[in-house]
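Take a look at the structure below.
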Amino acid sequence: MFFTIKDNGIGISKDARKKLFNEFTQLDSSTNRIYGDSGLGLAISKNLTNSMEGKINLKKRTRC
């Protein structure tokens, strides 16, 4: 099974991409103040995916 999620947002810096799947990590602290985010969503997704012998990663989109 293969899933793709596409995000057309403003993008993620190179340094932030390294931390994207870390527990309790937020790339923008202002989001936490607005939404009360804990920074666990992608870390949990990665752990679940790994436990099912799958892979999860970020692929940089190239612009046309």
Side-chain angles (χ1 to χ4, degrees):
M1 194 176 295
F2 182 81
F3 296 94
T4 301
I5 299 170
K6 184 177 179 181
D7 184 353
N8 292 321
I10 61 171
I12 301 172
S13 71
K14 210 177 230 186
D15 289 336
R17 285 183 223 147
K18 296 174 187 174
K19 305 175 195 174
L20 191 62
F21 295 99
N22 293 352
E23 294 174 345
F24 302 108
T25 299
Q26 296 175 344
L27 304 180
D28 181 358
S29 62
S30 65
T31 303
N32 183 30
R33 283 185 239 125
I34 296 169
Y35 300 106
D37 186 20
S38 64
L40 287 172
L42 289 175
I44 291 170
S45 297
K46 182 177 181 178
N47 288 336
L48 287 171
T49 303
N50 288 343
S51 71
M52 294 184 281
E53 299 180 7
K55 293 180 184 177
I56 187 170
N57 60 34
L58 171 71
K59 180 178 178 182
K60 183 179 176 189
R61 188 181 104 194
T62 56
R63 296 188 186 259
C64 298

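Everything numeric here is computed off the predicted structure, so don't read it as measured data.
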Minimal non-hydrogen separation, Leu48 against Ser51, with atom names: O-OG, 2.7 Å
Euclidean distance, Lys46 NZ relative to Asn57 CG, rounded to 0.5 Å: 9.5 Å
Gap separating the CG atom of Asn47 from the CG atom of Leu40, nearest 0.5 angstrom: 10.0 Å
Over all atoms of both residues, closest heavy-atom pair of Phe21 and Leu58: CE1-N, 4.2 Å
Point-to-point distance, once rounded to the nearest 0.5 Å, from CG of Leu42 to OG1 of Thr49: 10.0 Å
Rounded distance [0.5 Å steps], OG in Ser13 versus NZ in Lys18: 9.0 Å
